[in-house]
Amino acid sequence: MIKTLEWTDAGVRFIDQTKLPTEETYVTCKTYEEVADAIRTMVVRGAPAIGVAAAMGVALGVRDSKAIDHGELKRDFDRICDALASTRPTAVNLFWAIRRMKNKFDAISAQPVANIQRSLIAEAQQMLVEDIATNQAMGKHGAVLLPASGSILTHCNAGALCACGYGTALGVIRAAVESGKKLHVFADETRPFLQGSRLTAWELMKDGIPTTVISDNMAGAIMRQGKIAAVIVGADRIAANGDVANKIGTYTVAILAKEHGIPFYVAAPFSTIDLNTPDGSQIPIEQRSAREVTHMAGKQITPDGVMVENPAFDVTPHHYVSAIITERGILREPYTETLSASMRVNT
Ligand code: MRU
């Protein structure tokens with residue numbers, strides 16, 4: 001099983017996703033600042049993974065705090081949480097995870113400093129275990145939506161690497177294959193960071209799931225040829241009305257799917273659902289550096305001085321989403337009702 005991240009006594013250990021698929025190397029972040037940097041620079045990326053990474057960063061920072069009383073520890077804790085919360089704005093799992101660490105801190109704040117430190121490490125480790133179980137549950141629920149055989153299109157990487165293992169959208173594909181379905185995956189390359197060609201293709205090939213990489217602009221033609229039975233993607237934030245923020249290009253894929261009568265599924269845990277954000281227009285969209293667009297593998301591919309836009313995510317309006325697959329089951333329109341009802345049951 002791919003270990004996206006893990007807690008070690010030396011620090012938080014990540015597979016370096018910027019080096020895949022040609023190098024499988026690992027980095028150990030020894031301070032919370034190094035964890036924040038790893039999130040910012042995409043050594044670790046993907047909504048659930050950066051949530052758990054942030055929680056482990058908090059645990060690491062608190063473990064190494066020199067605080068001798070609760071007041072000092074709380075000041076350190078707040079500073080560490082703020083630093084990790086400022087790394088990436090879109091995936092709500094990051095803020096969900098930091099909130100969970102804050103709740104834990106508050107619940108045990110009367111205890112001695114050493115106990116608080118130990119409990120926060122345990123909480124972060126527990127989040128990793130729960131994430132894998134959540135993905136497996138999503139897989140079980142979602143697998144029934146996929147056909148007995150055929151090709152599934154996915155965008156970005158919503159696999160083991162975006163989470164702590166198994167994956168969200170790719171978890172559903174994995175579960176379907178494990179149940180005997182004969183699936184082939186078209187992986188959108190996912191310009192500019194190439195999460196599809198570098199990461200999705202890498203992990204699916206490791207699992208022996210037949211995979212074809214296509215450039216993003218090929219998806220429409222392939223759908224028109226009748227080659228795609230379903231689209232499945234992950235999400236970085238789902239607003240209360242069901243609008244879905246996910247990797248830039250997802251919106252285009254959703255429109256293409258609707259035009260061709262292909263179901264468009266989103267697989268996401270409850271930690272991705274944000275009922276405090278009423279609709280997709282309120283979701284903050286991260287802008288990343290122009291260099292991701294102007295350069296490829298270190299080589300400049302655009303003229304000097306050209307203007308560039310690089311939003312990392314887009315928003316797919318809820319009416320394009322055929323179903324949202326969660327760890328508790330499948331949700332459908334009207335999402336304003338089904339999302340809030342399922343969140344009420346689960347809190
Ligand atoms: O910029 P990234 O690579 O962190 O973006 C990741 C995605 O958009 C994934 O599709 C998303 O996190 C869903 S996987 C749970």
Side-chain angles (χ1 to χ4, degrees), residues 2 4-5 14-18 20 38-54 87-97 131-132 134-139 142 153-174 185 187-204 216 231-238 244-254 264-274 280 283-289 292-293 310-316 321 324-327:
I2 297 163
T4 311
L5 71 165
F14 298 104
I15 187 167
D16 186 345
Q17 299 195 32
T18 65
L20 290 170
I39 296 172
R40 211 175 280 114
T41 58
M42 315 271 276
V43 166
V44 59
R45 34 65 51 204
I50 65 174
V52 176
T87 49
R88 297 193 70 192
T90 304
V92 76
N93 309 61
L94 182 80
F95 308 100
W96 170 89
D131 182 69
I132 297 171
T134 294
N135 292 336
Q136 286 168 337
M138 270 190 284
L153 184 131
T154 189
H155 190 75
C156 194
N157 171 266
L161 291 165
C162 87
C164 300
Y166 207 66
T168 56
L170 296 193
V172 172
I173 292 173
R174 284 196 165 96
V185 176
D188 275 352
E189 159 186 65
T190 317
R191 275 278 290 153
F193 210 73
L194 306 179
Q195 289 93 332
S197 55
R198 293 191 305 106
L199 308 177
T200 295
W202 178 77
E203 63 170 91
L204 289 178
D216 302 334
V231 174
I232 184 162
V233 296
D236 289 85
R237 191 184 296 224
I238 299 178
V244 173
N246 191 48
K247 180 53 53 192
I248 189 74
T250 304
Y251 173 50
T252 318
V253 175
F264 178 89
Y265 300 123
V266 174
F270 280 104
S271 52
T272 304
I273 298 167
D274 178 13
I283 298 176
I285 300 293
E286 176 183 10
Q287 298 289 327
R288 292 192 62 84
S289 105
E292 289 179 358
V293 177
N310 188 14
F313 304 96
D314 61 24
V315 173
T316 298
V321 179
I324 298 174
I325 302 157
T326 74
E327 62 270 43

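For the single chain, residues carry numbers from 1 onward in sequence order. In listed order, ligands and their atoms are each counted from 1.
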Counting N and O atoms only, with roles assigned by atom type, does the side chain of [X] sit under 3.5 Å from a partner on the main chain of [Y], one being a donor and the other an acceptor?
X      : Y      : answer
Arg237 : Thr90  : yes
Asp274 : Val92  : no
Asn310 : Ser289 : yes
Thr4   : Ile15  : no
Glu327 : Phe270 : yes
Asp16  : Val43  : no

I'd like the residue list for ligand 1, meaning every protein residue with a non-hydrogen atom under 4.0 Å from the ligand.
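Heavy-atom contacts below 4.0 Å: Met42, Arg45, Gly46, Ala47, Pro48, Arg88, Cys156, Asn157, Ala158, Cys162, Thr168, Gln195, Gly234, Ala235, Asp236, Asn246, Lys247, Phe313.
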